[in-house]
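All values below were derived from every heavy atom in this structure, side-chain atoms included, with hydrogens, water molecules and symmetry-related copies excluded.
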Amino acid sequence: MSFPDLRPLGRSELRVRPLAFGGNVFGWSADEPTSFALLDAFAGAGFGLIDTADVYSAWVPGNRGGESETIIGRWLARRGRRDDVVIATKVAKWGERPGLSPDNIARAAEDSLRRLQVETIDLYFAHEDDARVPIADTLGAFARLIEQGKVRAIGASNFSAPRLAEALEVSARHGLPRYEVLQPEYNLYDRVGYEAELEPLAREHGLGVVAYYALASGFLSGKYRRPEDAAKSGARGAGVVEKYLNPRGERILAALDAIAAAHRAAPAQVALAWLIARPSVTAPIASATSIAQLRELVAAAELVLSADEIAALDAASHSE
């Protein structure tokens, strides 16, 4: 495949192609051998941004957290592909390392570095806001990690626009590192929360944006078209059907189907291509648990939608 252009992650030195692999599946729905094969295929296709977190995948019975980072670390150690990838991980949401206090950030970073078997985390996210800690203290902790060469750039995930704006102002006022990358929930269905306030802020300050739930938990792949489809994925599927399977969701699927047929593509590829075409978005995050799924995802980076097709998707997904 022809490689899409590299895109900047904010004002950092990091450059990535317009698709990130969501590492939440490692140690959950993808065992270690499968995870290694997926990472090999992702890197082999010319992509490099791998998104994980210390809390992945603590929700799985028998896991405690750190499993995803551990698998990525073993893959890096065995494959020797460190220079080919950009590793993003996160701190704040894991019960064993909660919050954004300076002490917790320092300890969590050491833990993540050990599990990832790397000397530097390329992109370190605050996984969620922590109003209990002064922003300057949190940014000061990140600054020390950058000064020590343990982190290259920082990002903010699940922040409100007012809190992100405040953090950017504190960075500028105190000469502290700023959040270069925003990680919001954003997809063709879930649009308002990002577009109303976060997107203008990201564009004003030149932030990179890596969107999670890019396929709305699988709904935009066309996997859930009837209530009965939820049975295939248990409680998770039931939640997807309850949230998305409604007249608006069906309208979006119909538009995806029509455009996918015109391109001989899959609905998921069209949904990702719509995100990739959004001027404020650097790279959507998507996960796969098989090589066939991964090939479908990476092909989305080559799918170019026309202005009319983007307009049709926008119209279908308009909130009533």
Side-chain angles (χ1 to χ4, degrees), residues 1 4 7 16-22 24-25 29 38 42 45 47 49 51 182-195 198-199 209-226 229-230 232-233 236-237 239-290 292-320:
M1 65 183 292
R7 297 178 172 187
V16 297
R17 302 199 190 278
L19 184 70
F21 195 106
N24 60 315
V25 296
S29 46
L38 290 166
F42 185 69
F47 294 83
L49 179 53
D51 179 82
L182 171 66
Q183 186 173 136
E185 177 179 0
Y186 184 48
N187 56 60
L188 194 52
Y189 188 104
D190 299 297
R191 297 182 59 174
V192 175
Y194 171 69
E195 292 179 8
L198 285 167
E199 184 175 41
V209 176
V210 291
Y212 72 85
Y213 285 174
L215 294 176
S217 299
F219 177 76
L220 297 176
S221 71
K223 182 179 179 180
Y224 304 97
R225 296 178 182 270
R226 304 169 302 162
D229 294 336
K232 303 171 186 176
S233 303
R236 183 174 186 267
V240 173
V241 165
E242 181 179 0
K243 180 177 180 180
Y244 297 112
L245 193 58
N246 51 48
R248 179 168 170 258
E250 291 172 348
R251 194 167 65 241
I252 292 171
L253 288 182
L256 288 171
D257 287 341
I259 295 169
H263 287 273
R264 296 184 179 180
Q269 292 172 316
V270 177
L272 290 173
W274 178 85
L275 279 170
I276 291 169
R278 189 85 182 179
S280 66
V281 174
T282 310
I285 301 169
S287 299
T289 56
S290 71
Q293 287 179 353
L294 179 67
R295 287 173 179 157
E296 181 177 296
L297 295 179
V298 299
E302 289 189 295
L303 178 57
V304 179
L305 302 178
S306 70
D308 287 345
E309 288 169 334
I310 291 173
L313 291 168
D314 285 342
S317 62
H318 179 72
S319 296
E320 297 173 338

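Judged as a salt bridge (Lys or Arg N to Asp or Glu O under 4.0 Å), and not counting sequence neighbours, the contacts of D229 are R226, K232. Remark: A288 pairs with F21, L38, Q293, L294, L297 by the side chain to side chain contact (heavy atoms under 4.5 Å, CB included) rule, at least two apart or across chains. Residues passing the ring pair (Phe, Tyr, Trp, His ring centres under 6.0 Å) test with Y194 are Y186, sequence neighbours excluded. E195 is linked by a salt bridge (Lys or Arg N to Asp or Glu O under 4.0 Å) to R191, R278, counting only residues two or more places apart in sequence or in another chain. Considering only residues two or more places apart in sequence or on other chains, S287 meets the side chain to side chain donor-acceptor pair (under 3.5 Å) condition with N24. Not counting sequence neighbours, the partners of Y212 by the side chain to side chain contact (heavy atoms under 4.5 Å, CB included) test are S157, N158, Q183, E185, I285. Judged as a ring pair (Phe, Tyr, Trp, His ring centres under 6.0 Å), and not counting sequence neighbours, Y224 has no contacts. Every residue meeting the ring pair (Phe, Tyr, Trp, His ring centres under 6.0 Å) condition with Y189, not counting sequence neighbours, appears here in chain and number order: Y244.
Rounded to the nearest 0.5 Å, atoms CG (L188) and CG (L220) are 6.0 Å apart.
R17 places no side-chain N or O within 3.5 Å of a backbone atom of F47 that could act as its donor or acceptor partner. Using a distance-only test at 3.5 Å, with no hydrogens or angles considered, a donor-acceptor pair links the side chain of R251 to the main chain of H318. Here the side chain of S217 pairs no donor or acceptor atom with the backbone of V240 at under 3.5 angstrom. Using modelled atom types, one side-chain atom of R7 and one backbone atom of V281 make a donor-acceptor pair closer than 3.5 Å.
In this structure, the side chains of P184 and V209 come closer than 4.5 Å at one or more pairs of heavy atoms. Residues L182 and L198 have side chains in contact (heavy-atom distance under 4.5 Å, counting atoms from C-beta outward). The shortest distance between side-chain heavy atoms of L303 and L305 falls below 4.5 Å. Using a 4.5 Å heavy-atom cutoff, the side chains of P284 and I276 are in contact.
No side-chain N or O of W274 forms a donor-acceptor pair with one of N187 less than 3.5 Å apart.
Between A260 and A266, the shortest heavy-atom contact is CB-C, 3.8 Å. In this structure, A273 and A300 approach most closely via the heavy-atom pair CB-O, 4.0 Å.
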Side chain to side chain contact (heavy atoms under 4.5 Å, CB included) between I259 and L313, worked out: CA-CA 9 Å; I259 295 169; L313 291 168; 3.6 Å; yes
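Note on residues 253-271: pairs passing side-chain hydrogen bond (donor to acceptor under 3.5 Å, both in side chains), not counting sequence neighbours, are R225-D257, H263-E309.
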